[in-house]
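Numbered from 1 within each chain, the chains take letters A, B, ... in sequence-line order. Everything quoted here is computed from the prediction, not taken from an experiment.
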Amino acid sequence: MSTPTTHTDEFIKGLWRDNPVFIQVLGMCPALAVSNTAMNALTMGLATSFVLLMSGLSVSALARFIPREARIVCYICIIASFVTTVDYAIMAISLELHKSLGAFISLIVVNCLILGRSEAFASKNSMGRAAADALGMGVGFTAALLSIGMVREILGAGTLFNVELFPEGYQTWTVMVLPSGGFFAMAVWLLVVNAIKQRQETAARLKEEAS
Amino acid sequence: MTAPAVETRPATSVWSMYRAIVGIGLACALLIVAVFQGTADRIRQNQAEALKKALAEVLPQATSVLAVVDDGGSLVPREGADLPVFLGYDENGRLIGAAITGIGMGYQDNIRVLYAYSFAEEAITGFKVLESKETPGLGDKIEVEPHFVANFEALDVRLNPDGSALANALVTVGEGEKQSPWELDGITGATITSVAIGDILNGSAQQWVPLLNRYRDQYAMRPEAPPASEEGS
Amino acid sequence: MKLSRTLQIASSPHVSSGASVDHIMYHVVLALLPVVGFAVYAFGLAAALVIFTATASCVATEHFLNRLNRRETPVSDWSVTITGILYGLTLPPALPLWMVVIGGVFGVGIGKYLFGGLAYNAFNPALVGRAFLQAAFPQAMTHWSEAFSPGRFTDLPSSTLTIPMAEPVYDAVTSATPLAVMKFQNATTGVPELAFGLTSGSVGETCAALILAGGAYLALRNMLNWRIPVSILATVAGLSFLMNLIAPGEYASPVFMLFSGGLMLGAVFMATDMVASPITNAGCWLYGLLIGALVVVIRYWGGMPEGVMYAILLANAVSPHIDRLIQPTVFGTRPENGEKKDEQEGTA
């Protein structure tokens, strides 16, 4: 790790360089399971971001208060509370949405991304940094889920955010709304992301060699 | 007994661990209670609306409904029960059926269902899952799997001769093994969930179908005095 | 891969079996020609277009992906051509051509190239493409048009030229495959009809006799490990004979099982994919046994009428493990698990 200094750096890194889904490959379960429509992906991403931000702030604020031996218990307790909060909030906004996300809202508790950021970052950094990091990771996670969800919804249902995109008689790709479609969409995105990354690295190396 | 190796690092005092866990636990509990209180009204309202929509789906012929409860063996009109039951009336105000809420343990958590009972057919004629946390892709097939949904075109719940219980208990059988009209054709790969649906329906129908039939005449026409259906909107 | 004509340096032993990739592949194409010919004869113009599009899309994908990564294009060694022809042979005749292209791109791109290209593919790419189509477009993939329909050489089924991404509309006469008839109506089809391809089905799976002849030709030239098809067919015959003995009304006869569906095509041309099948002879027997057993299980007890494709793909996944299980001991060494296998009792 080099020395990322400003809060902006902490924010930016989650978007691309350390993107939780495409680079760190964390939180695969929701990324594959509830990315069948763009709406589900967006909700899931925002819910996770909220939990990430709130638990990051709390963990960072309470870091001195939490003894090392009991830290996992405390983190999980904090994360679970915020997840319950989100659960109620989504139920209050739309029961339909809550139903389509099913058990995956409660499963945010065990999303390794959140515990990972709490343990590896928030507990060792100031609240401001923790918030910047959590927001960056959250936006990165949401963007990744949304990009998978959009591909799956467009191909699998011919719609985007429930808006019909194609004229009558569009042939839907059944496989894309099935669980296996999640893996295919994920694989193709990983391919694209890695190809771009590789290209960037090669360009950077060539530049270095030239100078 | 002898474990000196542990002592290499100064241990945190028990008190500080206790303080942290209990403190955070209390704070979290407070947060959850506060959020619950704040959202409870909205959630209840949403649920009422969802229920109304579900009612229109399982009992499409009914134009108005009357909420009733089982008050120690007698059927009385009352709103706001935990497991609401609704008598459905057609446009002429005649009793045609009832929509009954049932609840029971599924694979993950309680499943809440709403099903329609038709007096004329003596059968369950509609079914809808109100709430479930069943495994996505497996257990949640109970709402979409065509052959499982087909169970509820007319699921036989005739009463026995003395009207105290169902003539045949509802039971879920293996996929493709449905023989009699009171059996539910199960789903391979979601056995527990589909069996749970059978149990939920059986438990609920054993209670409600005899009761409804006993009070059928009393409620045959829609009571005019309290405007029954238009609540919650 | 065809090497460039520069000096080739290789370490000893300098033994050549005379078989290079393009040499073998050329003969496989030769063995497939009668099957392709019959397919066109039975299903007409539509089949010709399906096979041509399948082959073209596979070759184009391979070429494009290699170009994209600045690798030497291996198209000239025929291997991807065979993948394309085989893939085309497994498709229903009236499948819209745009779907054919998608399956071909997926099979070669994801099933082969992502794993590292020729000789690194864990699964038979032709079947990967077909499996994807089966999952993506289940209705179109189970729409079988009638064989030997009168206007097959002059008219195209309306579904063939469907606009890309649009749902196909069918006008041609449809007819259930023998296996579907067996599964859903419990009626069997006569053996002569099955063996000589007078039934409906995928483009190239119907004529068992020609497929067997092609297989025999390759086996005689030692370009195909005969143990795999023999093991598969023997397992299917044995198991179905047993089941048929126990409950003749419920389970189809062994002869029907052998000659119906894609079993012949799968056993002879698909399961024998040199990369995705085991290396040792004993491994091949075991691999065939696994495929045969899976075919019988899926056909008898599964939800779908046909299971050859899934059986072969599953066995493909297992085949490296079969190799590890039956790893021959290098002479003079002690067998040790997890050691790298550099000495292989070859089949070449």
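- Contact of A:I93 with chain B is made through the backbone alone, with heavy-atom distances under 4.5 Å.
- The two residues B:I43 and A:Y88 make their nearest non-hydrogen contact at CD1-O, 3.7 Å.
- By the 4.5 Å heavy-atom criterion applied to side chains, B:M17 and A:R71 are not counted as neighbours.
- For the set B:I21, B:N46, B:V35, the count of heavy-atom pairs under 4.5 angstrom toward chain A peaks at B:N46.
- For A:F183, the CZ atom is loosely surrounded, since the number of other residues' heavy atoms within 6.0 Å does not exceed 12.
- Looking only at side-chain heavy atoms (C-beta outward), B:F36 and A:T84 stay at 4.5 Å or farther from each other.
- Side-chain atoms of B:Q47 and A:L95, non-hydrogen and from C-beta on, do get closer than 4.5 Å to each other.
- Proximity to chain B involves both the backbone and the side chain of A:T85, based on heavy atoms less than 4.5 angstrom apart.
- Closest approach of A:A92 and B:R42 over heavy atoms only: O-NH2, 3.2 Å.
- For A:S94, the part lying near chain B is the backbone, with the side chain staying farther off; criterion is any non-hydrogen pair under 4.5 Å.
- Taking 4.5 Å as the heavy-atom cut-off, the residues of residues 22-30 of chain B that approach chain A are B:I24, B:G25, B:C28, ordered by number.
- In this structure, B:I32 and A:S81 approach most closely via the heavy-atom pair CD1-CA, 3.9 Å.
- With a 4.5 angstrom heavy-atom cutoff, B:R44 does not touch chain A via any of its atoms.
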